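Beneath this line is the structure, given in structure tokens, with notes to follow.
Counting begins at 1 with the first residue of the sequence. Keep in mind it's a predicted model, so treat the numbers as computed, not measured.
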Amino acid sequence: MKRTNIIILLVACFIGSMLSTSCKKTFLEKPKGGAVTVDTIFDTRNQAQYAVAQMYMLCVRGYFPQTYDGCRPEALTDQLYIIHPAYDWASNTINTGSYITGNMSANNNCDYGFGQDAGPGFYWHYKGIRQANLVLKNIDKVIDADNAWKTDTKGQALFCRALQHYELFRYYGGVPIVNKPLDGTVKIAIPRSSVQSVVDSVVKWCDQAASMLPATRPSADFGRATKLAALALKARILLYAASPLYNTPANMKGEVSGARFNDSRDTVLAYASYDKERWNRAAKAAKDVIDNAAAGGVSILNTGHPETTGETYATLGDYESVWNVFANQELILVNTSNQVPGAGGGWGDGSAWGQYLSSKLRLAQWGVKNNVPIEFIQQYEKRDGTKWTMPASGADLPADVADWKLDPRFYQTIAYDGKYYSAQRGILAYYKKGDYPTDGNLASSDAGVDGYATETYKFVARVDNMSDNHFAWPVFRLAEFYLGYAEALNEYQGPSAEAANYLNKIRERAGMPDKQPATIEEFRDAVQNEETIEFAYEGHRYNDLNRWLKAKTVLNTVLHGIQTTARNVGGQLKRTWTTVPFVTRVFPARYYYVPFPSTEVSLRYLGNSTWDGQNPGW
């Protein structure tokens, strides 16, 4: 696909930055004046495109390190372990070191911004919202654009505004709803809205955007929102809103003890009472995405090749192709920032996907390794669909991993000691030297030689001579809505042939056998595990553990890893291995809602005369 798309405009986004608010004080600070003004930007269509590009940069984010000192958000979950405390510096963008030990604070929370020096993520959400509101307010001023172009642009702005309100919602619960550019010279007076109001607003904006956006776009506009993207955002927030964190059934009230006020303030945290119909609404929204997919040129990527047999595009398994093949048919919306020309090895020149923090094997030298805990590895079923438990030790890791015969998605996601990776990297060597003369070239860290033997290679280049050019971050892909539809249907009406059909379409693509769970509980376990595996390392796990109210159980534990040691057995290198503790994880109940920065709380606009607006426990 031709890649002259929306993000290329970001090379000039500094012009649009004149229209957005600073993050140094509050998100409502009035933007500074200058030679570039709203009137000059929205004079011509060409100029207005810069403001639109800035809107996309701020609003349509990819959950991948965009700074040297950033880490993948899965490090907050059971999917990744970045060595603590040796690599806490590498995790400071989302404050992983403090998060995993139960010490997150209001001023150092896990909301993902643009890097520690650029301020907390909370402010960046509202920078994006302000930019979208500026586009909405001013796009009619453009003198050389027709009404169709203006309508399309308004639809994109409505979508972007909705997307950033959703992002705030998933971290904080109810937040201030901002639907116009604010004047920073007046008193801040927008308190938090209820969860219901935020969800209803996002849904309304998505519906409006869907009516204004085209079904498809030419390749030159790849990365811009479409009707299907608006429907996808609507479906996602309605699925979250139906889930136990926000739509809490009576038998799960105990799971949120410590994360609620138990008074009228709880409307900013959840619905007042459980309503099964929310699952029905979520199911219908997911089905709308499915039913409109074909008109948007979107379908599940399934060529009948579930396993990877080589390191070329033609030999990739279908699952691995989904995140390796640029602009493939399953993608609804992507962040294409990896394609922006740039300089200096930073964000915008493709190197965001190849930074040290992406994967140690990426550079085959010093780097931060994204270690995979065995607790997550065991989420992968065996190829026959059965559960399994990893042994405590073994004599030959690569042979053992092959003998486990796991879900093909495991072998297309997880790198391990002794795995052949690519012509450039050969066989990966994570082992400690044992009775060999040297340690493996991937064995050491700033904490010393550890021999930790697994890491994820999802979104780490392997094909095409390890080029990063084929990557784009999937904001939405169709498989999410197959599984979301199955999940919501089961919660609304119990197991059904329809729900099982969409669950098994994804399992079939992966090369896994069908499931026909007989009870609502068995189906819930099956579809939640499928979502865990299918979207591993795509930024879903944090949201899913929270919305299912599972984080307090899954993340209050000791996570373990595999450690390998090289042994000379009959003149052959054998990688003996054992399981070792990684870290003791702590997840207080208050973590279900991220704390607002203390600067914003101190301004007293979030709450009311008797409450400062902060989330419970903070």
* In chain order, what residues pass the side chain to side chain contact (heavy atoms under 4.5 Å, CB included) check against N504, with sequence neighbours excluded? -> A500, R507, D514, K515, Q516

* Identify, with sequence neighbours excluded, every residue that meets ring pair (Phe, Tyr, Trp, His ring centres under 6.0 Å) alongside H305. => none

* To do: State the CZ-CG distance between R61 and L163, to the nearest 0.5 angstrom.
  => 10.5 Å

* To do: Check step by step if side chain to side chain contact (heavy atoms under 4.5 Å, CB included) holds for V195 and T267.
  => CA-CA 6 Å; V195 160; T267 60; over 6 Å; no

* Asked: Of the non-hydrogen atoms in P495 and P517, which two are nearest, and what is the gap between them?
  -> CB-O, 3.5 Å

* Side-chain donor or acceptor of Y56 paired with backbone N/O of A225 under 3.5 Å -> yes

* **Under 3.5 Å: donor-acceptor pair, side chain of Y591, backbone of A259** => no

* To do: Would you please name every residue forming a side chain to side chain donor-acceptor pair (under 3.5 Å) with D78, sequence neighbours left out?
  => R541

* Kindly indicate, with the supporting measurements, whether the criterion ring pair (Phe, Tyr, Trp, His ring centres under 6.0 Å) is fulfilled by F122 and Y172. => CA-CA 9 Å; F122 179 78; Y172 302 96; 5.4 Å; yes

* Asked: Hey, is the main chain of A518 close enough, under 3.5 Å, to the side chain of E522 for a donor-acceptor pair?
  -> yes

* Asked: Which residues satisfy the side chain to side chain contact (heavy atoms under 4.5 Å, CB included) test with M212, sequence neighbours excluded?
  -> T151, K154, L158

* To do: Rounded to the nearest 0.5 Å, what's the gap from CG on L58 to CD on Q164? Could you check?
  => 8.0 Å

* Asked: Okay, side chain of N109, backbone of V594: is any donor-acceptor separation there less than 3.5 Å?
  -> no

* Asked: Distance-only, no hydrogens or angles: does the D407 side chain make a donor-acceptor pair with backbone N or O of Y380 under 3.5 Å?
  -> no

* Asked: With sequence neighbours excluded, what pairs up with R192 under the salt bridge (charged side-chain N to carboxylate O under 4.0 Å, His left out) test?
  -> none

* Give the minimum heavy-atom separation between I332 and T226, together with the two atoms involved. => O-OG1, 4.4 Å

* **Residues, nucleotides or ligands: over 12 heavy atoms within 6.0 Å of K227 NZ** => no

* Nearest 0.5 Å, what's the CD-OH distance between E330 and Y319? -> 10.0 Å

* Distance-minimising heavy-atom pair for F523 and A486 -> CE2-O, 3.6 Å

* To do: For atom NZ of K180, decide whether the heavy atoms of other residues, nucleotides or ligands shown that lie under 6.0 angstrom number more than 12.
  => no

* With distance as the sole criterion, is a donor-acceptor pair present between the side chains of T532 and Q379 under 3.5 Å? -> no

* **E255/R260 salt bridge by N-O under 4.0 Å criterion** => no

* Looking just at side-chain N and O atoms, do E277 and N280 make a donor-acceptor pair shorter than 3.5 Å? -> yes

Report, one line per pair, each donor and acceptor closer than 3.5 Å where one atom sits in a side chain of residues 238-246; sequence neighbours left out.
unit_1, atom_1, unit_2, atom_2, d
Y240, OH, N543, ND2, 3.2
S243, OG, L239, O, 2.8
S243, OG, R547, NH1, 2.8

* Asked: Do the side chain of D318 and the main chain of T303 share a donor and acceptor less than 3.5 angstrom apart?
  -> yes

* To do: Mind running side chain to side chain donor-acceptor pair (under 3.5 Å) on R161 and N133 for me, showing each step along the way?
  => CA-CA 7 Å; R161 184 171 75 187; N133 284 331; 2.8 Å; yes

* Asked: Which heavy atom of V334 sits nearest a heavy atom of P474, and at what distance?
  -> CG1-CA, 4.1 Å

* Assign the ring pair F481 / F476 to parallel, tilted or perpendicular, where the plane angle (0 to 90°) is split at 30° and 60°. => tilted

* To do: Verify, without hydrogens or angle tests, whether S201 (side chain) and S197 (backbone) share a donor-acceptor contact under 3.5 angstrom.
  => yes

* Tell me, please, which residues at least two apart from K550 pass side chain to side chain donor-acceptor pair (under 3.5 Å). => Q528

* To do: In plain terms, say whether R509 and E534 are close enough for a salt bridge, that is, a side-chain N and a carboxylate O under 4.0 Å apart.
  => yes

* **With T386 via side chain to side chain contact (heavy atoms under 4.5 Å, CB included) - residues at least two apart** => K382, D384

* Does the W323 side chain pair with the main chain of F326, one donor and one acceptor, at a distance under 3.5 Å? -> no

* Lys/Arg N to Asp/Glu carboxylate O, R278 vs E491, below 4.0 Å -> no

* For E307 and Y411, does a side-chain donor sit closer than 3.5 Å to a side-chain acceptor? -> no

* Structure fact -> Here the gap from S91 atom OG to R72 atom CZ, rounded to the nearest 0.5 Å, amounts to 13.0 Å

* Check side chain to side chain donor-acceptor pair (under 3.5 Å) between E508 and all other residues, then give those that pass, not counting sequence neighbours. => none

* Asked: Which of parallel (below 30°), tilted (30 to 60°) and perpendicular (above 60°) describes W473 and F459?
  -> tilted

* Check side chain to side chain donor-acceptor pair (under 3.5 Å) between Y542 and all other residues, then give those that pass, not counting sequence neighbours. => none

* Asked: Yes or no on ring pair (Phe, Tyr, Trp, His ring centres under 6.0 Å) for F596 and W618, after CA distance, side-chain angles and deciding distance?
  -> CA-CA 9 Å; F596 290 85; W618 301 102; over 10 Å; no

* **Test log, rule ring pair (Phe, Tyr, Trp, His ring centres under 6.0 Å), inputs Y593 and Y171** => CA-CA 6 Å; Y593 301 95; Y171 281 120; over 10 Å; no

* Nearest atoms (heavy-atom pairs only) where G174 meets V198 -> CA-CG2, 4.0 Å

* Asked: Between Q412 and P306, is there a donor-acceptor pair closer than 3.5 Å when you use the side chain of the first and the backbone of the second?
  -> yes

* To do: Assign the ring pair Y166 / F169 to parallel, tilted or perpendicular, where the plane angle (0 to 90°) is split at 30° and 60°.
  => tilted

* Structure fact -> Taking every heavy atom of T413 against every heavy atom of T456, the minimum-distance pair comes out as O-OG1, 3.2 Å

* Reported CD1-to-CG distance for the pair I94 and N108, which is rounded to 0.5 angstrom -> 12.5 Å

* Taking only residues two or more places apart in sequence or in another chain, which ones pass side chain to side chain contact (heavy atoms under 4.5 Å, CB included) with A157? -> M55, V135, L136

* Asked: Can E487 and W548 be counted as having a side-chain donor-acceptor contact under 3.5 angstrom?
  -> yes

* Within residues 205-214 or reaching into it, pairs that qualify as side chain to side chain donor-acceptor pair (under 3.5 Å) - sequence neighbours excluded -> D207-K234

* OG-NZ distance between S257 and K552, expressed to the nearest 0.5 angstrom -> 6.0 Å

* Main-chain N/O of T77 paired to R585 side chain as donor or acceptor, under 3.5 Å -> yes

